[in-house]
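Here is the structure we will look at.
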Amino acid sequence: MLPPTGADPIFKETASGTSANRSARNRLIDLAQARKVDAILVTELSRWGRSTQDLLDTMNKLAGWKVSVVAMSGMTFELETPHGRMMATMLAGIAQFERDLLSERVKSGLAAARARGKKLGRQRGQRPKSDKLTPTVIQAVSEGRSYRWIARDLGINKNTVLDIVKRHRENP
């Protein structure tokens, strides 16, 4: 989505940097290829690429289109210069190293929890929100309200209303 004429385009990416499908980034690359942008400002260089290789590939494409990448720290990554290539490569490598370390710590923590006998994830039968709403749903159904109306009113899915009613009929 482009802003009104005369304003600089701003794209906000909410997808993970490791995701391959990032619509805002893809639109921005399309604009760069069409020569409609001169520079791209990113919060951090690690937020631009999924991996070191992806970051360098996209930055090389951008350099070929004469588009600069500027980090909010003020660093400009001009890949036409040896200094710019070296800095981009080093920072991308460090960012990937940090992501890999984080992933490794999470996996080892999950493995340690499993080894201690901890069950991970939502346990069978746990329905804190729907269990809390059961009396309200049953009351609304007894008043003749439709499942869709109840769902919309309570901010839950219609199927959740259906499940609550089914459970109530099985165990009144």
Side-chain angles (χ1 to χ4, degrees), residues 1-116 118-123 126-130 148 151-161 163:
M1 160 175 78
L2 289 173
T5 308
D8 290 330
I10 297 174
F11 294 89
K12 181 179 179 184
E13 185 69 72
T14 56
S16 167
T18 59
S19 173
N21 187 13
R22 296 168 56 197
S23 60
R25 178 185 134 157
N26 294 340
R27 288 192 323 245
L28 194 50
I29 289 173
D30 292 342
L31 287 173
Q33 187 174 11
R35 310 268 199 270
K36 294 185 179 178
V37 293
D38 298 320
I40 297 172
L41 177 67
V42 294
T43 53
E44 298 175 33
L45 190 61
S46 63
R47 298 289 181 212
W48 179 254
R50 298 186 311 268
S51 65
T52 304
Q53 188 62 48
D54 175 61
L55 178 72
L56 294 175
D57 288 346
T58 56
M59 288 185 69
N60 279 322
K61 282 183 194 174
L62 294 170
W65 300 323
K66 305 287 188 229
V67 175
S68 301
V69 176
V70 180
M72 288 185 78
S73 64
M75 294 184 78
T76 303
F77 299 95
E78 301 288 346
L79 293 185
E80 295 92 31
T81 66
H83 182 262
R85 277 192 303 275
M86 182 208 52
M87 288 302 294
T89 304
M90 282 180 31
L91 291 174
I94 291 169
Q96 181 154 1
F97 176 67
E98 287 176 340
R99 276 193 306 273
D100 293 346
L101 279 180
L102 178 62
S103 174
E104 191 175 290
R105 282 195 305 265
V106 168
K107 288 176 184 173
S108 70
L110 291 173
R114 279 190 205 98
R116 290 191 308 268
K118 179 81 174 161
K119 291 188 177 184
L120 304 173
R122 190 173 86 179
Q123 302 304 307
Q126 287 184 337
R127 298 175 297 265
K129 186 174 182 179
S130 66
R148 287 179 194 235
R152 186 177 59 238
D153 190 45
L154 296 177
I156 57 177
N157 190 293
K158 177 181 65 80
N159 292 333
T160 303
V161 174
D163 289 342

Which residues pass the side-chain hydrogen bond (donor to acceptor under 3.5 Å, both in side chains) test with Thr58, sequence neighbours left out?
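Per chain and number, Thr58 pairs via side-chain hydrogen bond (donor to acceptor under 3.5 Å, both in side chains) with Trp48.
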
State the [atom1]-[atom2] distance between [X] and [Y], to the nearest 0.5 angstrom.
{"X": "Lys107", "Y": "Leu102", "atom1": "NZ", "atom2": "CG", "value": "10.5 Å"}
{"X": "Leu62", "Y": "Ile29", "atom1": "CG", "atom2": "CD1", "value": "6.0 Å"}
{"X": "Leu91", "Y": "Met86", "atom1": "CG", "atom2": "CE", "value": "9.0 Å"}
{"X": "Leu31", "Y": "Asp38", "atom1": "CG", "atom2": "CG", "value": "11.5 Å"}
{"X": "Ser23", "Y": "Leu28", "atom1": "OG", "atom2": "CG", "value": "11.0 Å"}
{"X": "Glu98", "Y": "Ser103", "atom1": "CD", "atom2": "OG", "value": "13.5 Å"}

Find out whether Val42 and Val70 are in side-chain contact, i.e. whether some heavy atom of one side chain is under 4.5 Å from a heavy atom of the other.
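They are not in side-chain contact.
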
Heavy-atom pair of closest approach, residues [X] and [Y]:
{"X": "Leu110", "Y": "Leu120", "result": "CD2-CD1, 3.7 Å"}
{"X": "Leu55", "Y": "Ala92", "result": "CD2-CB, 3.0 Å"}
{"X": "Asn157", "Y": "Ala151", "result": "C-CB, 3.8 Å"}

Quick check on Asn159: does its CG atom have over 12 non-hydrogen neighbours (other residues, nucleotides or ligands) under 6.0 Å away?
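Check passes, neighbour count above 12.
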
side-chain contact (heavy atoms from CB on, under 4.5 Å) assessment of His83 paired with Met87
CA-CA 6 Å; His83 182 262; Met87 288 302 294; 3.7 Å; yes

Ion pair Asp163/Lys158, N-O distance below 4.0 Å
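No salt bridge links Asp163 with Lys158.
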
Given Arg25 and Asp54, is the salt bridge (Lys or Arg N to Asp or Glu O under 4.0 Å) satisfied, shown in steps?
CA-CA 12 Å; Arg25 178 185 134 157; Asp54 175 61; 2.8 Å; yes

Please identify each residue that fulfils side chain to side chain contact (heavy atoms under 4.5 Å, CB included) with Arg35, with sequence neighbours left out.
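Residues passing side chain to side chain contact (heavy atoms under 4.5 Å, CB included) with Arg35: Trp65.
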
Not counting sequence neighbours, which residues clear side chain to side chain contact (heavy atoms under 4.5 Å, CB included) with Asp57? List them please.
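Once residues adjacent in sequence are excluded, the partners of Asp57 under the side chain to side chain contact (heavy atoms under 4.5 Å, CB included) criterion are Gln53.
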
So if I apply the side chain to side chain contact (heavy atoms under 4.5 Å, CB included) rule between Met59 and each of Val69, Thr89, Ile40, which one comes out positive?
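The passing option is Val69.
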
